[in-house]
Trainee: 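My questions will all concern the structure given below.
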Amino acid sequence: MTTDQLLVTLLLALPIGGFALTALVGRRLYQRAWIIAVGAIVATWLIAMYLVYNTLFLNAYGAQGLHFTLYEWIPAGDFRIEANFAVDNLTAALLIVVCTVGMLVHVYSIGYMAHDPGRWRFFAYLNLFMFSMLLLVLADNFLLLFAAWELVGLSSYLLIGFWYGRRSAALAAKKAFLVNRVGDVGFALGIMAIWTTVGTLNFPEVFERIPLLAESGVIQPWQMTGLALLLFLGAVGKSAQFPLHVWLPDAMEGPTPVSALIHAATMVNAGVYMVARANPLFVQSPSAMWLIAGVGIFTAILAASIAFTQRDIKRVLAYSTLSQLGYMFAALGVGAFTAAIFHLMTHGFFKGLLFLGSGSVIHGVHDEQDMNRMGGLWRKMPITHITMLIGAIAIAGIPPLAGFFSKDEILGQAWKNGFVWVWAIGIVVALMTAFYMFRLMGKTFYGPSNVDPAVEPRVHESPRSMTVPLLLLAIPSAVLGVALGFPIGAGLIEQWMEPVFEGANEVLGRGQAEPFQVLGLDGFLAGASVAVAVLGVLAAMRLFGFRVPLLGLQAKPRPAVVERLTDRLRPLYTGSFHKWFFDDLNDLIFVRAGGLVARGLWWFDVHIIDGAVNGVAGLTQRSGRGLRHIQTGRVQNYALGIALSLIVVAVGYFVAGGR
Amino acid sequence: MALPPTVPYFDIAWDDLLFLTFGGLMLAAALGVVLGRNIIRSGLAMILSFAALAGIYALLGAPLVAAAQVLIYIGAISVLVLFAIMLTQSKSGPASLVFHHQAWAAALAAIVLALLLVSMVAGAEWPRAVAERVHTATGDVARLLFDEFVLPFEVVSVLLLAAVIGGVFLAKREDTDVPETEAGARQVTLGSEPGGASGRAASGIASATIVAAEDLGRRP
Amino acid sequence: MSQSLDAYLVLASLLFCIGTFGFLARRNAIAMLMSIELMINAVNLVIVAFGAFTPELADRASVIALIVMAVAAAEATVGLAIVIAIYRNRRTPLVDEYHSMRE
Amino acid sequence: MSAQEWLAIGPLLAVFALAMLAVVLDIARPGRDRLVTGVMVVGLLGAIALTGYTAWYFGGGEVEVFGGAYVRDALTSFLDLLFLSIALLTILFSPDYLHPRRLPMAEYASTLMFAISGAMLLGAARDLLVLFLALELLVLPGYMLAGYAKRDGLSTEGAIKYFLLGSFSSAIFLFGLALVWGFAGSTRIPEVAAVLTSLDGAVSLTPALTMGLALLTAGVAFKIAAVPFHYWTPDAYQGSPTPVTGYLSVGPKVAAFALILRLFVDALAPLKADWVPFIVVLAALTMTLGNLVALTQDNIKRMLAYSSIAHTGYILVGLAAYAAAPPGSDTERAGLEALLFYSAAYSFMNLGAFAVVTALQKRTGVTSQITTFAGLGRRAPLLGALMFLFLLSLTGIPPLAGFWAKAYVIIAAVQVDSPWLIGLAVLTVLNAAAAAFYYLRIAVVMYMGEPSEQTAPVQVGRLVSAGLVLSAVATILIGLVPGPVIAFAQEAARALL
């Protein structure tokens, strides 16, 4: 085992070791339950950064990246499955986000969970999650990826339901798990289909053979589409895309650091990562790509429209996450893989920042999440305010912060690749995003204070273990776009991702990206997205207030105008406020109808023989045998069932044996 | 005195006559077992059916099996069954309702199964069978039992031992008073106190058990 | 007729089905038990009949039939013990009145 | 008999000896339940060690005893170890249930040992008659165990239902055996297989074999509780004393699969093209119905009963993969491996789940309604966590044993180049997803439900704790390092082919 292989192994061993240790002795560490877990993750982060540096900057492992087999799961026959891992440029990009946000969330949690008696459990779960997520990005075959896929689902279940005493938390956890399970079915079927058609599950081999098989017609186009859609179903579940998006907002029942880590920066990106990873497969099916783009952009606008009216600060962010994930899928669908990964990275940082910031706010106002009961916090929580403002500007897409570059890249690529409708919807979403983010900022930080008077005097800035991570996250949120995305179309990210998506670009017929033309189409597109972003921000500022003390800028909120607008758009408002009734619809379709079907089948099992028997009984009575009414005895019914089944089997053998 | 080769007037072989007699008797008695309204008569019909079967075994040239049939079935199993019938008769006499209300369906199933079996037998060819009956030497049977079939023979003894150990436990009367039953404790939830509630709830079944025990004790 | 294997097999099949009918139709646990005994006897008849018409099976059939009888005896012991045990609880030998568990 | 032969049947003799020892002890020292338990535990550990030694001594080879009626090969050793572990765990879980209900241990232990010896004999028999006897030796004690709480109306009711239907199916099974025997002219399995191979597919099924196969299929389908022959399962499971339910859900089931391996895979393999469609249909029906009905259950024992039916369906997928694969292929072996591996994984996780129910029912009067679990996560965090672990494994979450078991079965099915098997694999995936609903329901009740008033603390006895830890460790280890178990299963599968 080489040093690098050892390091990759350590990358997995540290978090799982931390999990085991914390689970075993964490309870006895009392206040310091975090010490093992955080230590393990910091070490993980250091190793990860070393690997990232080697991969992306030194190009130490070549274009293909580092691949190795840790051990063979089943060492014989063609039934071989290995525990093999890979670190390539795509993995490295994910490692940056996962490890950095993960580490900062761990640090943040020290303060956030300081008063929770179950904190040792929390840190154990966090480590378990980090292990699963790292396994997910490092896995080099589909079965291992699937195992990690289930594991992140499990750790997410544990973390959402962390406060299991709260009914809503337990229910949300269950919902998340079960909805994910629906997606997993698709993913599992997709993996089975790959096994049958390609004959292996190892990524390098699968992706090498897929184009050849498609070309030679062994895999028909419709099969390829089916394959891609099955895998995509898995992504839809994990990344909460329409129509499986319903679990994510509920998942906000978990502690806020969890929301930041899992439901913004890491786990929900797993679907995007998987589609990007399997790009050679997806590009073989244009119709699947089209559908992915459609689902993505629809989710984006749907979620943005819901975020408009939500009052719970975390729910706004949750819907915003859905919407941004939708962007990423739209990018994948239009073939802009690099842009999708770029947005994944920037979004991971600024959304992690926003969530942690919201956690700081909630912590500051003593566990209040309703934005109507906040306001005027900018003065009392200056660090939280500033960092969240950076995050908000970043997500709104105002240059030169991170969000602008990645979002513009997506929209630009959509236009250029012939998906003008995706661009058009996307630009509307950009407008809405800017608006609802500054609505959030206005309601929370500016405007008059609606904080509970009892709490008001005790509102305070959060402890350092919470603000430092905020500050640290604000830096990449601000500069990552420039660092990776400038010059537009030829930035670092393009260089990094080029080897990963080379084949896909070839299939799609993309050549080298042309240099950015300020006065050409590029300039127009960039200008358009900046314009709508600014428009959205300004509108929100007018309605919900704004204040920049240094520049002397300030605006008062105008609740009357908001009220009037709301009244005029009442149906839209109601729809948005009730999340377009998706939960009710789901309840109706899946829970009620599913229950009905299950009950029906159960009834079938119990009563079919009974029914027949009762019919016979009725016949018997009428034929005058004078049988009295007797309670139904089961054994004879069972025996009759067995006898009839025996007859069916015998007849079956007779019929089949005649061949 | 030598018998004529065939039965006078009917012109069938003596063996065939025996076959028809025993076979008919066996089936008729078997029908008596399943159709009889009085369970005790059913038990007696079963003995008759077994006896006829023993005759068929003898006819088939397996005297040892015939003897065992008489000893084991008529001598042991039937007596056991009759005892059990006595023990479980309620005082009101035989149940007035013999058949379950699905008897029609049962009859239909049995007839279909019979059709299947008979059609199979009629159409079957047995590669190893010969046209003529062969006879069994009792000595060979004994030798086989301790040679080729020694494992089954030993296992049977273990099986009987197991049946006796468990059977004695299940059938023997208990002196303990309050039965602990889940049926009785149905309504009792987790939190209730162990002694009182579950005992009270079970008292119905308890009394039934005691009555049953007393009742059994009074019987000879 | 008595010289034909088929005749014995048909006889056994009929006995088996009579037993099946009894098992499916009777309410009394002991009657059901007797029906099972009829079925086992039918199988024994099949075995002995095969032995009588197959030279290499002739002796073995007897052995097997004896062993099956012993098994039937063990089964009857267990069955009657259970019947007696449940009779103590329920005071009825009628199986269709044991229906505390369902669905 | 040579020393080698004695060694080969050593584990079986040891269990027989234990069965009798329990009764003898009770006669010599009446009422000493703890003594009996201790002797059984030590004896079983010894038997496990002996089996391990035997397996190591004979390696991949095979020894025939009793003129070929009994064989000790890798499959025998694999199954022996599994059955002995099941027996050990059941013995560990039982005293806490039996003692408060004043049920004696000696007869219980003895009966259980007899049943286990039957299971072990099933896994080693190469003779149709021995197979039948072993089956009876397995199930007769099983009926009695089901009715062991003889003052409990539910227990005896379950027992009589189990007994009547079981005897009915035994008669059917016996008829099938007789027909095959009459056709093949021998009770020895290799000879039966040779006769059937000599048919050479010219005439695929003679009427005699058709009927024989039908009767045998119905018979074994009953024993493994495959739909539509499953009716006895829920009642027998619900009624039985809880540790017995745990035993019934794994012991007889795995043993019935051993019967299938020795009978269908060994003797009837030449006809596998004829019986595979029925296995496919049975598997599909079994898992689907088991899962759907489990969704609606409120009694935990009944829910786990239906869930065990569903697991039977998954195991059958492995059998179907074997039967549908071309003879002599690697795929054929993969199916059998999957079957064996699943049986092992299933045994530990399912016994573990039942053991938690048993632990809760140490106090008499605790029902097996799902509400019993309310708030368990807070009342007894460790017990709750263990239950959660077993439930996760049953659901098939990595890296626990249940995940690899399902993955293995599915992969084996997919490898067979047949649309039917692929359809079956798809159905398995769907079912596995649906199963999460009712397993999670228990988890949610455990962590969310409010326990009723005046809840007494849960006390878990030492033996039960030991058994729980053993099951949990097995569930985790088989998941994390499945290699050794798979290697063993591979060798066992090779012994059959």
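All values derive from a computational prediction rather than experimental measurement. Note on naming: letters A, B, ... go to the chains in the order of the sequence lines (proteins, then strands), and numbering restarts at 1 for each one.
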Trainee: Distance check, rounded to the nearest 0.5 Å: D/S186 atom OG versus C/E56 atom CD?
Mentor: 9.0 Å

Trainee: Taking C-beta and beyond as the side chain, do C/L57 and D/W181 meet within less than 4.5 Å on heavy atoms?
Mentor: yes

Trainee: Spell out the residues in residues 163-175 of chain D that have some non-hydrogen atom less than 4.5 Å away from a non-hydrogen atom of chain C, in order of number; otherwise answer 'none'.
Mentor: D/F163, D/L164, D/L165, D/S167, D/F168, D/S170, D/A171, D/I172, D/L174, D/F175

Trainee: Name the member of C/N44, C/V43, C/T77, C/V46 that forms the most heavy-atom pairs with chain D at distances under 4.5 Å.
Mentor: C/V43

Trainee: Enter the distance from D/R151:CZ to C/R88:CZ here, rounded to the nearest 0.5 Å.
Mentor: 10.5 Å

Trainee: Could you go through residues 64-76 of chain C and list every donor-acceptor pair under 3.5 Å that involves a side-chain atom there, pairing it with any protein atom two or more places apart or in another chain?
Mentor:
none

Trainee: Taking all non-hydrogen atoms of both residues into account, name the closest pair between D/M144 and C/V78 and its distance.
Mentor: CG-CG1, 3.6 Å

Trainee: Select one option (side chain, backbone, both, neither) describing which atoms of C/A49 are under 4.5 Å from chain D's heavy atoms.
Mentor: neither

Trainee: Look up atom CD in D/E157 and atom CG in C/N89, then write down how far apart they are to the nearest 0.5 Å.
Mentor: 10.0 Å

Trainee: Is any side-chain heavy atom of D/I160 less than 4.5 Å from a side-chain heavy atom of C/V83?
Mentor: yes

Trainee: Looking at CD1 of C/I86 and NZ of D/K161, how far apart are the two atoms once the value is rounded to the nearest 0.5 Å?
Mentor: 8.5 Å

